[in-house]
2 protein chains.
Amino acid sequence: MAPKSKPTIIDVARVAGVSVTTVSRVLNGGKYVSPDKLVAVQEAFDKLDYQPNLHARSLAGERAYMIGLLFDDPRGDYLSGMQRGTLLAGQKAGYHVLVELLGRTGTLAQMKRLISRVRLSGVILTPPVCDHTSLLNTLVRHNIPAVRISPSSDFPGIPSVKIDDYAAATEMTRHLITLGHRKIGFIIGDLEHADARERQRAFNDALAKAGVEARPEWVAEGGYQFSGGLTAARKILSQPDRPTAIFASNDDMAAAVIAVADEMGLRVPTDLSVTGFDDTSLASAVSPALTTIRQPVEQMAMKAVEILLERISGEKPEIETPVMMGTKFVRRGSTGPAPK
Amino acid sequence: MAPKSKPTIIDVARVAGVSVTTVSRVLNGGKYVSPDKLVAVQEAFDKLDYQPNLHARSLAGERAYMIGLLFDDPRGDYLSGMQRGTLLAGQKAGYHVLVELLGRTGTLAQMKRLISRVRLSGVILTPPVCDHTSLLNTLVRHNIPAVRISPSSDFPGIPSVKIDDYAAATEMTRHLITLGHRKIGFIIGDLEHADARERQRAFNDALAKAGVEARPEWVAEGGYQFSGGLTAARKILSQPDRPTAIFASNDDMAAAVIAVADEMGLRVPTDLSVTGFDDTSLASAVSPALTTIRQPVEQMAMKAVEILLERISGEKPEIETPVMMGTKFVRRGSTGPAPK
DNA sequence: ACATTCCCTGAAAGCGTTTTCATATGACGG
DNA sequence: CCGTCATATGAAAACGCTTTCAGGGAATGT
């Protein structure tokens, strides 16, 4: 069977016995359409199995029904989870998602090229591109609605969704203290990211508040990478007086700590407790599985889309403070009571 | 500064002193355009910083400059790597990428809706949607170029890119045999997937060829999941006479084997060698790191895009046999000599 | 009764491209 | 010197929608 050419709005109009204008009105909310014609048009939609053409709509109107999802790199549990959330939420609202990679260099030029080539209803910005200031400025200047997920810095005029890193890291630190640990190490994430700084601040504050000593030689930077975590863990664990627990700022680095402990013949959690952060799939695949903090990655993205759609539809509640999403402490096998 | 409205092809035509037709011709390959006008138009492009509007092009012409990337679920190293490859290759060719989630149910309806809403130059199909037969039929019927990545089954008329699972699994099995293992277990992937069956077949053949006994009680199914791997590993390792090595059909299940070994006090690789497959990020994060097979995931996607673009531009070399990409054996710490 | 408003309705003018179609020019073979 | 052909060029007609504009009728106010 020949792929019968797709029905257009004109066909619908003919079948429904109305003008294309009326059909268009039905398509866009049905305001100023009498009930009987409304029904007639909808019947025609069904009968013809009509789907409006996105390109024509974008060309002719204001709306685009397409949201841009901007990445530096889509790999990794964290980011692909965000993608899934975006896709799910966007799909539900009848939007399509255009994914674009914004390389390390020439980001701005790429963005400009993108928005002059395709009309986007709005964009979702994932880390780290959500912190590219001139990119954000460009978006504002072109009046393109945007929402940032887990941004590091503040930026007026663009809403954002994030988690409360401070609270979560506080909870995690308290967990270790409650288990009896008094010698606790810490592996810092990528200091470029505000969340890395927040987690560290919470750690320090929690120690101080509990009257637990914080030793600088038990702190090292791992850049959120497994490899960096390896180096950091080796540095910390090779101290003559070593900690009985290490709080790594993310799961990858926590896995690295476990690897190093293994290397050195330390048993986890008997000799050393280890904690992660994020609850990526790695957290449960490693043995022992990581005690960690679960981020509601997909929900964050869905929330971001929700906010974006509000912005698009003109309702601008002008939320300037980031929307905070709740995290969940997940206890697994990598933490245990402090050794005597 | 006000966001000066984007230049159109008309502006370019005026600046270059030619007709829009000529500008359009330059945009589409510059055939039948005299050298001087060609230069004039290109200068106008630069001067105005012109970018052609995608929606208008799609609406008016045959081409769409947009490729669809179809997922069941974009999460996981494997799939997000494919996405990156697609994005990279697409971007380089000036194409944009629309990502769509095709749920478990209603896939076909979703696809039909998609293609009647937006014009796609072609689509890339990732597993498992690349095996959805009626979806493939629809694509063919609508004459939409497509390429499948790592499909399980054959489908005439749609090219595909995959790895040689049989050869890779053979190499892996030989590796274990060479290390002296004679009691080798195997964890099967998801039998729905042809690759799972291929890997098992290679394993069996390699054992047979080497005259090594294959014991059914050392084989279990793990469904390519960590959790399934856990169950499978427990079943195999709880045998009174247990194997000295286990070949898991992917990294997730291999990590599960390590977890179970840990549980049972078996040292890897001293007491038990473990191998994975895929070389996802998990493979190096686990300790000991996994001996595994690296799949060139990104390159596969890039190759798929390349083939797709050839199809789109009309060159139809009509490749019916899948394009095979090379894998790489990666030796890490999880395998060692068989215990005495 | 008459203006004023509000709800419907459709004709027609875009939106920014690509694609015919028509025409012009120069080159070429006989 | 005349058809034929390949190369250049632009005017104008799509492509499938949204939006503006200009009524027409019914309801409301005076």
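Each chain gets a letter, A, B and so on, in the order its sequence line appears, and its residues count up from 1. As the structure is a computational prediction, the values presented were derived from the model and not from experiment.
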From CA spacing to verdict: side chain to side chain contact (heavy atoms under 4.5 Å, CB included), Glu100(B), Val123(B): CA-CA 10 Å; Glu100(B) 203 83 3; Val123(B) 300; over 6 Å; no
Nucleotide dT7(D), atom P - distance to CG of Asp36(B) in whole Å: 17 Å
Mutual orientation of the aromatic rings belonging to Tyr65(A) and Tyr95(A) [parallel < 30°, tilted 30-60°, perpendicular > 60°]: tilted
Length of the line joining Arg14(B):CZ and dG10(D):P, which is rounded to integer Å: 14 Å
Least distance between heavy atoms, Met66(A) atom then His55(B) atom: CE-CE1, 3.9 Å
Ser34(B) vs dT7(D): side-chain N/O to OP1/OP2 distance below 4.0 Å: no
Rounded to 10 degrees, the angle between the two terminal axes of the helix from dA1(C)-dT30(D) to dG30(C)-dC1(D), each from five pairs: 30°
Residue list, ring-ring contact (aromatic ring centres under 6.0 Å, His included) with Phe155(B), at least two apart or on another chain: none
Pairing of Arg75(A) and Glu298(B) as salt bridge, 4.0 angstrom limit: yes
Integer-rounded Å distance: dC21(D) C1' and Arg25(A) CZ: 11 Å
Closest to side chain of Ser24(B), choosing from dG10(D), dT18(D), dT18(C): dT18(C)
Interface residues of residues 40-65 of chain A with DNA chain C (non-hydrogen, below 4.0 angstrom): Leu59(A), Ala60(A)
Side-chain N or O of Thr22(A) closer than 4.0 Å to phosphate OP1/OP2 of dG10(C): yes
Sugar-phosphate, base or nothing in reach of Lys37(A), heavy atoms under 4.0 Å: sugar-phosphate
Interatomic distance, Lys31(A) NZ vs dT18(D) C1' [rounded to whole Å]: 19 Å
Touch class at under 4.0 angstrom, heavy-atom based, for Thr8(A) against every strand present: sugar-phosphate
Non-hydrogen atoms of Asn28(A) and Arg63(A) that approach each other most closely: OD1-NH2, 3.7 Å
Value in whole Å for how far the C1' atom of dT9(C) lies from CG of Leu38(A): 14 Å
Over 12 foreign heavy atoms within 6.0 Å of CG, Asp154(B): no
Nearest-Å distance for atom pair OH/P, residues Tyr32(B) and dA24(C): 19 Å
Selected nucleotide, minimal atom distance to Asn28(B) side chain, candidates dT18(D), dT18(C), dG10(C): dT18(C)
Minimum-distance pair of heavy atoms, taken over all atoms of Gln83(B) and Val99(A): OE1-CG1, 3.6 Å
Nearest-nucleotide comparison on DNA chain D, the residue closer to the 5′ end among Leu27(A) and Val33(B): Val33(B)
Shortest non-hydrogen contact between Arg117(B) and Gln51(A), atoms and distance: NH1-OE1, 2.7 Å
Between P of dA11(C) and CD1 of Ile9(A), the distance in whole Å: 13 Å
Sugar-phosphate only, base, or nothing, as touched by Thr21(A) at under 4.0 Å among non-hydrogen atoms: base
Least distance between heavy atoms, His193(A) atom then Ser152(A) atom: CA-OG, 3.2 Å
